[in-house]
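Presented below is the structure to which this report refers.
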Number of protein chains: 2
Amino acid sequence: MDIRERILQAAARVYAQHGFRGATTRLIAIEAGVNEVSLFRTFGSKAALFEAMMQSHSASLPVPELPERPVDPQAELIPWCSLLLAHMRQWRSIIRKSFGELEERPEAAVVMCEGPNCAALALTAYVTRLQAAGLADETADVSTAVSMFISSMFGDAVGRDVLPPDAFPQPVEDAPAKYVNVFLRAVGALGVGDVVPLRAAQTADDRRAVAQ
Amino acid sequence: MDIRERILQAAARVYAQHGFRGATTRLIAIEAGVNEVSLFRTFGSKAALFEAMMQSHSASLPVPELPERPVDPQAELIPWCSLLLAHMRQWRSIIRKSFGELEERPEAAVVMCEGPNCAALALTAYVTRLQAAGLADETADVSTAVSMFISSMFGDAVGRDVLPPDAFPQPVEDAPAKYVNVFLRAVGALGVGDVVPLRAAQTADDRRAVAQ
DNA sequence: GCTGAATGCAAGTAGTTACTTGCTTTCAAC
DNA sequence: GTTGAAAGCAAGTAACTACTTGCATTCAGC
């Protein structure tokens with residue numbers, strides 16, 4: 001790995017831990033295992049380094065896909081939700097810092113929104129397909145329900161490891177299933193009185209993300 | 001207002017704008033209109049000042065109340081939701097900063113959670129009363145629905161002014177009604193196919209909070 | 001009018017920060 | 001073996017940080 005990439009990755013790690021002001025060029029250089037001077041020779045300034053870091057990280061957004069022809073909403077959404085949560089949890093530290101510094105460095109907003117926004121579009125389209133197939137209520141406020149669902153995923157991913165446990169009554173492993181079930185009820189895709197089995201869909205990624 | 005209170009309020013304003021590291025004692029002193037030395041004479045150190053600030057702000061949590069005997073869930077929840085949003089928006093800047101710095105200064109977590117946690121308890125109890133009165137589905141996952149609702153309020157209050165507008169498809173004035181309606185559907189308090197009129201409940205506080 | 005506590009002011013300390021300069025080392029390409 | 005670009009290293013700069021010291025000013029209570 002070349003020096004530029006090493007510095008970029010080190011910067012991301014240090015930034016996630018300390019934020020912009022706390023991520024000193026000295027710390028980043030040590031973390032990257034390079035000389036501090038090399039950092040300035042490569043990027044010119046700390047601000048330029050962070051701009052490059054944000055751009056390089058916006059490339060990676062592998063949001064999971066939802067089936068074109070929905071059959072079993074629960075079975076299809078729960079794993080999707082698990083993956084989404086795991087994906088968001090990967091970036092939770094960076095997201096928290098960037099969010100707090102959005103007023104000073106607004107360029108982080110686009111990077112931060114890409115993932116959730118993408119997920120929201122996919123989910124909205126999916127529910128529209130559910131409606132077309134007669135599997136969801138046509139009168140439901142899909143846009144609002146999706147927005148609330150994404151907010152909840154965001155909140156869980158970003159808050160669970162730093163907030164007191166009573167802020168998230170659902171245990172991690174049950175959370176995706178519970179979130180999905182509530183969402184499906186909200187869009188009328190789960191009849192009132194339906195048996196709502198708890199399908200825990202915890203992936204290996206999930207466990208790893210939580211454990212770290 | 002005595003000097004102690006003036007410094008505390010100035011510290012809160014500067015902290016909301018710049019975060020802990022960015023809130024220099026010099027800036028706080030200027031904002032408070034006092035000498036920097038007086039700051040150290042009053043609080044001893046910057047850390048002690050911020051501890052005092054957090055404690056003094058935890059006192060103010062006037063979460064609105066919900067009726068003991070529910071009659072019209074929509075009519076009762078929408079204004080409650082408006083107030084909750086307005087209350088959270090008041091602290092959005094401070095919340096954003098504290099959230100990003102939770103790993104370094106976890107004592108902010110309790111202060112930050114008190115409001116939402118309190119609201120969650122009130123809402124849960126209210127829905128339980130709805131269920132008892134036959135106004136909500138007994139099989140609904142109330143705890144998860146409430147948790148998702150509070151997350152959504154949190155996300156709206158803290159994100160709307162710094163995220164791109166497409167992150168929040170509902171205009172501010174319609175948001176409380178839409179959120180409440182989706183929530184009520186999720187707990188089976190709004191029959192499928194019910195006419196769901198949009199009751200905008202924008203208070204004066206609300207408008208002021210958004211405008212600022 | 002005097003005292004004493006609260007506050008302001010000017011100056012200074014020691015540490016940290018981003019960033020620079022000048023020089024040496026490494027090492028692959030020719 | 002020589003060259004040249006990339007990297008390391010030691011040292012330094014100027015600005016800023018939290019925090020201190022010593023002294024002058026204000027002003028309410030006696």
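First the proteins, then the strands, lettered A, B, ... as listed; each starts at 1. Just the heavy atoms: all of them, side chains too, but no hydrogens, waters or symmetry mates, feed the values below.
- One interatomic measurement links the two molecules: NE2 of B:His18 to C1' of D:dC16, which rounds to 15 Å at whole-angstrom precision.
- In this structure, B:Asp174 does not pair ionically with B:Lys178, as no charged nitrogen and carboxylate oxygen lie closer than 4.0 Å.
- Counting to the nearest Å, the C1' atom of C:dG8 and the CD1 atom of B:Ile7 are 12 Å from each other.
- Under 4.0 angstrom from either OP1 or OP2 of D:dG8 there lies at least one side-chain N or O belonging to A:Ser38.
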All N/O pairs under 3.5 Å across the protein-nucleotides 20-28 of chain D interface:
none

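- Between B:Phe149 and B:Trp80, the angle of the ring planes stays under 30°, which puts this pair in the parallel group of the 30/60° scheme.
- As a whole-Å value, the separation of B:Phe50 CZ from D:dC19 P is 11 Å.
- The interatomic distance linking A:Phe20 (CZ) with C:dA18 (C1') rounds to 10 Å, in whole Å.
- Salt bridge status for A:Arg13 with A:Glu31: present, with a side-chain N to carboxylate O gap under 4.0 Å.
- Between B:Asp2 atom CG and C:dA6 atom C1' the separation is 12 Å, expressed in whole Å.
- A:Arg26 places its CZ atom 9 Å from the C1' atom of C:dT16, with the value rounded to the nearest Å.
- Residue B:Asn35 places no side-chain N or O under 4.0 Å from the OP1 or OP2 atom of C:dT7.
- Between A:Arg96 and A:Asp161 there is a salt bridge, since a side-chain N of the basic residue sits under 4.0 Å from a carboxylate O of the acidic one.
- The distance between atom CZ of B:Phe43 and atom C1' of C:dT7, rounded to the nearest whole Å, is 15 Å.
- Across C:dA18, D:dA18, D:dG8, the shortest atom-to-atom separation from the side chain of A:Lys46 is found for C:dA18.
- Both A:Val34 and B:Arg21 sit near DNA chain D, but only A:Val34 has its closest nucleotide nearer the 5' end.
- Between B:Ile28 atom CD1 and D:dT17 atom C1' there is a gap of 12 Å when expressed in whole angstrom units.
- A salt bridge links A:Glu104 to B:Lys97: at least one charged side-chain nitrogen sits closer than 4.0 Å to a carboxylate oxygen.
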Carefully, step by step, assess B:Phe99 and A:Phe99 under the rule ring pair (Phe, Tyr, Trp, His ring centres under 6.0 Å).
CA-CA 9 Å; B:Phe99 209 87; A:Phe99 209 85; 7.9 Å; no
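- Inter-residue side-chain proximity for A:Glu76 and A:Pro70 is flagged as met; some heavy-atom pair is nearer than 4.5 Å.
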